[in-house]
Structure formats: C-alpha cells, structure tokens
Visitor: 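Below is a structure I'd like to ask you about.
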There are 2 protein chains.
Amino acid sequence: MADAPKEDLLQLEKLLCFSVYSASHAFNRIYKPLLDELGLTYPQYLVMVSLWQEDNQSVRSIGEKMYLESSTLTPLLKRLEAADLVSRKRDPKDERSVRVSLTEAGAALRTKAEKIPTCILEATGLDLETAKRLHRDLRSMRNHLEASAVKG
Amino acid sequence: MADAPKEDLLQLEKLLCFSVYSASHAFNRIYKPLLDELGLTYPQYLVMVSLWQEDNQSVRSIGEKMYLESSTLTPLLKRLEAADLVSRKRDPKDERSVRVSLTEAGAALRTKAEKIPTCILEATGLDLETAKRLHRDLRSMRNHLEASAVKG
DNA sequence: TGATATTAAATCGTGCGCGATTTAATTTAT
DNA sequence: ATAAATTAAATCGCGCACGATTTAATATCA
C-alpha cells in the first residue's frame, strides 16, 4: 500500500469516474433487451418509474428527481406522449408548468416492469449486502458531487 | 430490515441503476468546468487518459478499454484530431486498423490534466478507503454486467 | 397599476452512444 | 489460387444530455 506515483492516477482503470462511467453504460446494455419488450429506452424507463411512484408530476419535479434539464425532458416526454404512455397538460393553476400524468396504458405497463429490477440485481453479481452498500456509497458521492457542482 | 414489498423496488431512489446513472451525470457536471480549460469533453478526456497511459493504440484497443463502439469513437477521435491532439494513421502492417497517436500538443496536455483527479476525489466527499471500496465494487459489478450482456 | 424580475417549458446546436449497415482489408478453407 | 468468411473502421439514424436562449406566465415592487 505504498503511495502511488502521480502518473498512476492517470490510468483509466484507476479513475473512480471511469468505473462509474463504464458501469452506467453496462447497465444501459443490460436493460436494453428487457426494455425493448416494453418499448422503452433506459431514460424513459426511469421517468416511468418516477411516475409510477408519484403520478401527475410537473416537468420540473421529474427533473429535480432525475437531475435533468427541461431541454432533456421535454423531447423525452413528448415521445412518451406519442407512445400513449403519458399525457402532458398545462396546469390550470399555473399555466407555466406542465403536468405529466400516466395514461391507462402507462399505468398498466407497471405490471410488466415489476420483474425487471430483480432480473438486474442478479446480473450485477452482487450479494444483497454489497449491493446495498454500493447503493449507499453512490448516493452519498452523488449528493456531494451535486452540492459542489452548485457551489462551483 | 423487513423484506420490502414488491412496489418498493420500483422507486427511483431504490434502484441501484439509478444511483449509477445519476452519479455518472454528476461526474460529468463536476468535470466540465475543469475540462473546459483543456478544451476537452468528458469522454474525450477519458480517451486521452488511455492514450497517455499507452500511446499509439488502435481504435479497437481504445474501444475495448472504454467499452465503446467504433461508431462512437470514430467521430470523437476525428474531433481530437481536428484539435491537433492526436493523429490517425492506417497501420501499414494491417490497413484495416487505424493507429491513434498523441501529437506533441496532446502529450503536453497531460501536465495540465494531472491535477484533475485529486480535485475530483475531494468533490466526492469520500474518504480514501470508501473511495477504494466503491471503486472495487463498481468494477466487479461492471464486469459481471458486461459478462452477462454478452451471454444474453 | 404598471414596470421589472423571476419562473417553467420549450427550442436550438453540439457531442456522445448505440445498433445496423457498409466498405475495404485480411484470413481461412477449398 | 480463388471464393468465402472474418475483421476493423466508418457511416447513418435515433435518442439522450447539456448550455444558452427564447417565450410565456406569474410574482414582486415602485
């Protein structure tokens, strides 16, 4: 455990950011065949998860939970609308915001989606305890990163 | 620690994949201002890291290390070439493959980049031990995910 | 009240990231 | 030696993801 020379920190596999980057793409690839059956992309699936948890959210609310801008969400939500999974309506109380609600088909899709998370956990090769620890460490890290991104 | 009901698994913050997804974007946002000074995007930076570690690689070799397809790398490498950071030449031994090499400017950029990883580690808010554990858990998971993606 | 500021979505341009296909070079098997 | 199979990049279309800007609605304040 001698301290690593400086150049060691500039090796791809030694960068924590790279392990996150590549893990994220790995998840994407694992999910793809499962989500293809539902007609969803990976980010669309995450939006649907958020709506299954809480229906009738504003674009802003979804964006805060997912850490995404309206410039990302608006086109994505329009595609979900075109697929008849959600509806988008201006809030009568405040015409600035758009409320996103599940259609019948969108709500029904939940049943098909419910088996996915356990399928995925298996593919990670992690025991439940490690998975929980990893989950906790990642959220802690993300919250710190988001906080220092805001501060600049 | 009672076993969670099934619907609990379909909450955004309870999905391991989402913690990876959002952490990946958080890294992107943290790196951006630092990389802007180098004139690099985040994926371009990762390619440069790989080349600083081992110069004169084929597109295929870079793709294997980064888990990326040529359809992603070719345009990215052309942008690095346009920025005079790398050169792309067909391998005379095998004209199918393209060798990517650092230019003088590309090699020189390494010095400016060396201070970045330690800046980032600080922003994660992780102590060194947790960071190492997280790194190890992530790579293990990614390797499992990649393996089961191949198997189908 | 009317001007100003703030807020929420939408729009636009750039750069990934991937699957499917194409092109060209090399390898293999006949 | 030639046909068939394999391999490496490149190309194309689609969908994120973001920063910057725009548009429209609401809130604030003079």
Visitor: Using a cut-off of strictly less than 4.0 Å between a heavy atom of the residue and any atom of DNA chain C, enumerate the qualifying residues of residues 48-62 of chain A by number.
Guide: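 Going residue by residue through residues 48-62 of chain A, the ones with a heavy atom under 4.0 Å of DNA chain C turn out to be A:Ser58, A:Val59, A:Arg60.
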
Visitor: Could you work out, with side chain to side chain donor-acceptor pair (under 3.5 Å) as the rule, every residue matching B:Arg90, not counting sequence neighbours?
Guide: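 Result, side chain to side chain donor-acceptor pair (under 3.5 Å) vs B:Arg90: none returned.
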
Visitor: Does any pair with a residue in residues 41-52 of chain B pass salt bridge (Lys or Arg N to Asp or Glu O under 4.0 Å), and if so which ones, sequence neighbours excluded?
Guide: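 Pairs touching residues 41-52 of chain B that pass the test: none.
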
Visitor: Under the side-chain hydrogen bond (donor to acceptor under 3.5 Å, both in side chains) definition, can you give me all pairs with a residue in residues 117-128 of chain B, not counting sequence neighbours?
Guide: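 Sorted result for residues 117-128 of chain B: B:Asp127-B:Thr130.
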
Visitor: Scan for ring-ring contact (aromatic ring centres under 6.0 Å, His included) pairs involving residues 53-105 of chain B, sequence neighbours excluded, and state none if there are none.
Guide: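 Qualifying pairs, neighbours excluded: none.
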
Visitor: Strictly by salt bridge (Lys or Arg N to Asp or Glu O under 4.0 Å), give each pair with a member in residues 68-85 of chain B just once, sequence neighbours left out.
Guide: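 As it turns out, the salt bridge (Lys or Arg N to Asp or Glu O under 4.0 Å) pairs with a partner in residues 68-85 of chain B, which skip direct neighbours, are B:Glu81-B:Arg88.
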
Visitor: Distance-only, no hydrogens or angles: does the A:His144 side chain make a donor-acceptor pair with backbone N or O of A:Arg139 under 3.5 Å?
Guide: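 No, A:His144 side chain to A:Arg139 backbone: no donor-acceptor pair under 3.5 Å.
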
Visitor: Please test B:Arg110 against B:Met48 for side chain to side chain contact (heavy atoms under 4.5 Å, CB included), starting from the C-alpha separation and ending with a verdict.
Guide: CA-CA 8 Å; B:Arg110 179 179 181 152; B:Met48 293 300 288; over 6 Å; no

Visitor: For chain B and DNA chain D, what are the first and last nucleotides along the strand, 5' to 3', with at least one atom under 4.0 angstrom from a heavy atom of the protein chain?
Guide: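 So the outermost contacting nucleotides come out as D:dT7 to D:dC18.
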
Visitor: Test your reading of the model: is there a side-chain donor-acceptor pair from A:Ser19 to the backbone of B:Leu138, 3.5 Å cut-off?
Guide: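 Not at all, since once roles are kept as given, no pair shorter than 3.5 Å links the two residues.
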
Visitor: Can you give one letter per nucleotide of nucleotides 13-19 of chain C, 5' to 3': B if a protein heavy atom sits under 4.0 Å from the base, S if only from the sugar-phosphate, - if neither?
Guide: --SSBBB

Visitor: Applying side chain to side chain donor-acceptor pair (under 3.5 Å), name anything that partners A:Lys112, two or more places apart in sequence or on another chain.
Guide: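 Once residues adjacent in sequence are excluded, A:Lys112 has no partner under the side chain to side chain donor-acceptor pair (under 3.5 Å) criterion.
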
Visitor: Do any of residues 89-100 of chain B sit with a heavy atom less than 4.0 Å from DNA chain D, and if so which?
Guide: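 Per residue number, the list reads B:Arg90, B:Arg96, B:Ser97, B:Val98.
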
Visitor: Residues two or more places apart in sequence or in another chain: which of them pass ring pair (Phe, Tyr, Trp, His ring centres under 6.0 Å) with A:His25?
Guide: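 Applying ring pair (Phe, Tyr, Trp, His ring centres under 6.0 Å) to A:His25 gives A:Tyr21.
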
Visitor: I'd like to know if B:Leu35 and A:Leu16 are part of one continuous hydrophobic network [Ile/Leu/Val/Met/Phe/Trp/Tyr, side-chain heavy atoms within less than 4.5 Å].
Guide: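 Linked within one cluster.
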
Visitor: Keeping to residues at least two apart or across chains, list the salt bridge (Lys or Arg N to Asp or Glu O under 4.0 Å) pairs with something in residues 16-29 of chain B.
Guide: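 Every salt bridge (Lys or Arg N to Asp or Glu O under 4.0 Å) pair that includes a residue of residues 16-29 of chain B, provided the two are not neighbours, is A:Glu146-B:Arg29.
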
